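Here is how names work: the chains are called A, B, and so on, in the same order as the sequence lines, proteins then strands, and each is numbered from 1. Here the structure is a predicted model, which is why all the values come from computation and not from measurement.
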There are 2 protein chains.
Amino acid sequence: MFSKACEYGIRPSIFIAKNSREGRRVSPKEISAEINSPQAFTAKILQALVRNQIINSVKGAYGGFEINKDEIASIKLSQIVEAIDGKKIYSGCGLGLEKCNENHPCPLHDKFKLIRNELKTMLENTNLEELALDIKTGMTFLKT
Amino acid sequence: MFSKACEYGIRPSIFIAKNSREGRRVSPKEISAEINSPQAFTAKILQALVRNQIINSVKGAYGGFEINKDEIASIKLSQIVEAIDGKKIYSGCGLGLEKCNENHPCPLHDKFKLIRNELKTMLENTNLEELALDIKTGMTFLKT
DNA sequence: CTTAATTAAGATAAGTTTATCCTAATTAAA
DNA sequence: TTTAATTAGGATAAACTTATCTTAATTAAG
Ligand code: FES
Ligand code: FES
């Protein structure tokens with residue numbers, strides 16, 4: 001469904017959100033250990049999220065990644081997915097036609113569009129705070 | 001959402017279904033021309049569908065691909081998707097955890113599972129006949 | 001100012017998916 | 001039985017995704 005890159009965007013973001021709520025910056029090393037992902041590759045994705053102003057990085061000693069506490073609740077999953085995988089997941093044809101088009105639909109268009117839209121709505125209505133809270137209470141997990 | 005291979009499984013199947021309803025066998029050449037896909041690669045996917053007994057092939061002169069008329073309505077999209085992409089699309093964790101598990105869920109599990117199940121239901125409740133009929137009436141398209 | 005810690009970024013490698021090419025096997029028709 | 005048409009299948013290549021490695025840039029602390 002999502003690319004590995006996208007997964008390595010979402011899981012770290014949740015982990016960073018959780019820690020930022022507790023006032024702690026985290027390093028790529030700690031992140032990849034906690035979410036069980038390849039460190040250098042994950043760091044690359046984090047760079048992209050920083051460029052997209054979804055997370056903040058602080059360079060140099062005692063630096064790391066963080067998210068402004070008061071922004072955590074307003075960051076939607078859709079922003080992360082779009083920053084990494086683009087919006088093709090929202091707009092692309094399920095059968096691979098060049099464009100998904102009401103006036104030139106593929107045979108699966110009506111049915112596929114419904115599900116694609118639900119996915120979109122879900123991602124747009126899910127924010128980092130709610131995901132981070134479940135992690136904190138040990139109800140959900142980010143690895144294995 | 002689906003891999004290219006899967007798209008090259010679904011679109012040809014619809015095209016073959018439409019033609020089989022009309023009593024015509026089709027060749028990989030005709031198929032890839034009509035659905036605008038790479039011929040050799042598409043042929044490979046067709047081989048896999050034949051091995052999975054979803055479509056029939058007739059070798060030799062005047063051969064080609066076809067589907068038994070009375071089976072078209074009973075072939076579900078889910079069969080094609082599973083034959084090519086496997087069932088990971090139905091069961092895999094949205095955030096890439098090794099297993100999607102009720103007892104060890106990722107933060108997105110509840111919301112993701114809903115959508116994944118809807119996709120599954122949709123594919124299981126869509127058969128080749130209905131898709132082929134829309135093509136035939138010119139209401140839907142398989143290329144560009 | 002120097003040092004040590006840390007993110008950024010580019011180069012490279014490995015792995016997977018997508019695509020092409022060539023030959024073998026099969027079969028209907030002449 | 002020969003021929004021409006056609007699918008099957010293996011080998012290879014190209015493209016893309018995923019992953020690693022090395023160096024540069026930045027910054028807090030001493
Ligand atoms: S045209 Fe295929 S999903 Fe809309
Ligand atoms: S555990 Fe992630 S979707 Fe179920």
Side-chain angles (χ1 to χ4, degrees), chain A residues 1-13 15-16 19-20 24-33 35-67 81 83-86 88-89 92 95-96, chain B residues 1-13 15-16 19-20 24-33 35-67 81 83-86 88-89 92 95-96:
Chain A
M1 185 76 86
F2 302 122
S3 66
K4 281 288 166 197
C6 203
E7 292 173 1
Y8 299 155
I10 298 173
R11 270 154 57 208
S13 294
F15 181 70
I16 295 167
N19 281 278
S20 292
R24 302 176 55 241
R25 268 179 208 150
V26 287
S27 65
K29 192 176 169 183
E30 189 181 355
I31 293 171
S32 57
I35 72 170
N36 199 34
S37 70
Q39 182 176 333
F41 188 43
T42 307
K44 281 259 182 294
I45 311 295
L46 292 175
Q47 285 176 34
L49 294 181
V50 169
R51 278 195 296 272
N52 279 271
Q53 301 177 315
I54 293 169
I55 64 179
N56 296 124
S57 69
V58 178
K59 293 179 199 171
Y62 295 78
F65 294 91
E66 64 186 12
I67 305 178
V81 173
I84 298 169
D85 278 358
K88 211 186 66 184
I89 197 171
L95 297 190
Chain B
M1 188 76 85
F2 303 122
S3 66
K4 282 287 164 194
C6 201
E7 292 172 3
Y8 299 153
I10 298 173
R11 272 156 52 208
S13 293
F15 181 71
I16 295 167
N19 280 280
S20 291
R24 302 176 55 240
R25 269 181 208 148
V26 287
S27 65
K29 191 176 171 182
E30 189 181 355
I31 293 171
S32 57
I35 73 171
N36 200 35
S37 70
Q39 181 177 332
F41 187 43
T42 307
K44 282 258 183 291
I45 312 296
L46 292 175
Q47 284 177 34
L49 294 180
V50 170
R51 277 192 298 270
N52 278 272
Q53 302 176 315
I54 293 169
I55 63 179
N56 295 124
S57 70
V58 178
K59 295 177 198 172
Y62 294 79
F65 295 90
E66 64 188 10
I67 305 178
V81 172
I84 298 169
D85 278 359
K88 212 188 64 182
I89 197 171
L95 298 190

Starting at [atom1] of [X] and ending at [atom2] of [N], how long is that distance when rounded to a whole Å?
X       : N      : atom1 : atom2 : result
B:Asn56 : C:dT26 : CG    : C1'   : 16 Å
B:Gln53 : D:dA8  : CD    : P     : 13 Å
A:Leu46 : C:dT7  : CG    : P     : 9 Å
A:Lys29 : C:dA4  : NZ    : P     : 17 Å
A:Phe2  : D:dT18 : CZ    : C1'   : 18 Å
B:Glu30 : D:dA5  : CD    : P     : 16 Å
B:Glu66 : D:dT6  : CD    : P     : 14 Å
B:Ile45 : D:dT7  : CD1   : P     : 16 Å

Of the nucleotides [options], which has the atom closest to the [X] side chain?
X       : options               : value
B:Val50 : C:dT18, D:dA8, C:dA29 : D:dA8
B:Ser3  : D:dT7, C:dT20, C:dT18 : C:dT18
B:Ala5  : C:dT18, C:dA5, C:dA28 : C:dT18
B:Phe41 : D:dA8, C:dT7, C:dA19  : C:dA19
B:Phe65 : C:dA28, D:dA28, D:dA8 : D:dA8
A:Ala61 : C:dT20, C:dA5, D:dA29 : C:dA5
B:Lys4  : C:dT7, D:dT7, C:dT18  : C:dT18

Is any side-chain heavy atom of [X] less than 4.5 Å from a side-chain heavy atom of [Y]?
X       : Y       : result
B:Asn19 : B:Phe65 : no
A:Tyr8  : A:Lys44 : no
A:Leu46 : A:Ile16 : yes

Exercise for review: Answer with base, sugar-phosphate or nothing: what part of the nucleic acid does B:Arg25 contact at a heavy-atom distance below 4.0 Å?
Suggested key: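 Contact class for B:Arg25: none.
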Review point. Distance-only, no hydrogens or angles: does the A:Asp85 side chain make a donor-acceptor pair with backbone N or O of A:Val81 under 3.5 Å?
Key: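 Between the backbone of A:Val81 and the side chain of A:Asp85 there is no qualifying donor-acceptor contact (under 3.5 Å).
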Exercise for review: Examine the base of C:dA9 for any acceptor or donor lying under 3.5 Å from a partner atom in the side chain of A:Gln47, and report the outcome as yes or no.
Suggested key: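 Answer yes: a donor N or O sits under 3.5 Å from an acceptor.
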Check your understanding: Hey, is the side chain of A:Lys44 pairing donor to acceptor with the base of C:dG10 inside 3.5 Å?
Key ->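 Counting by modelled atom types and ignoring angles, a donor-acceptor contact under 3.5 Å is found here.
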Practice item. Please check if any side-chain donor atom of B:Thr42 sits under 3.5 Å from a side-chain acceptor atom of B:Ser32, or the reverse. Key: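 B:Thr42 vs B:Ser32: no donor-acceptor pair found between side chains.
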Review point. Closer to the 5' end of DNA chain D via nearest nucleotide, is it B:Gly60 or A:Tyr8?
Key: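 Closer to the 5' end of DNA chain D: B:Gly60.
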Exercise for review: Please tell me which of A:Lys59 and B:Tyr62 maps to the more 5' nucleotide of DNA chain D, matching each residue to the nucleotide holding its nearest heavy atom.
Suggested key: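 Closer to the 5' end of DNA chain D: B:Tyr62.
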Review point. Does B:Ser57 make a side-chain N or O approach to OP1 or OP2 of D:dA8 shorter than 4.0 Å?
Key: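 Yes, because at least one side-chain N or O of B:Ser57 sits under 4.0 Å from OP1 or OP2 of D:dA8.
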**Study point:** From B:Val50, B:Ile10, B:Ile84, residue fulfilling side chain to side chain contact (heavy atoms under 4.5 Å, CB included) relative to B:Ile45
**Key:**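 Considering B:Val50, B:Ile10, B:Ile84, a side chain to side chain contact (heavy atoms under 4.5 Å, CB included) with B:Ile45 is found only for B:Ile84.
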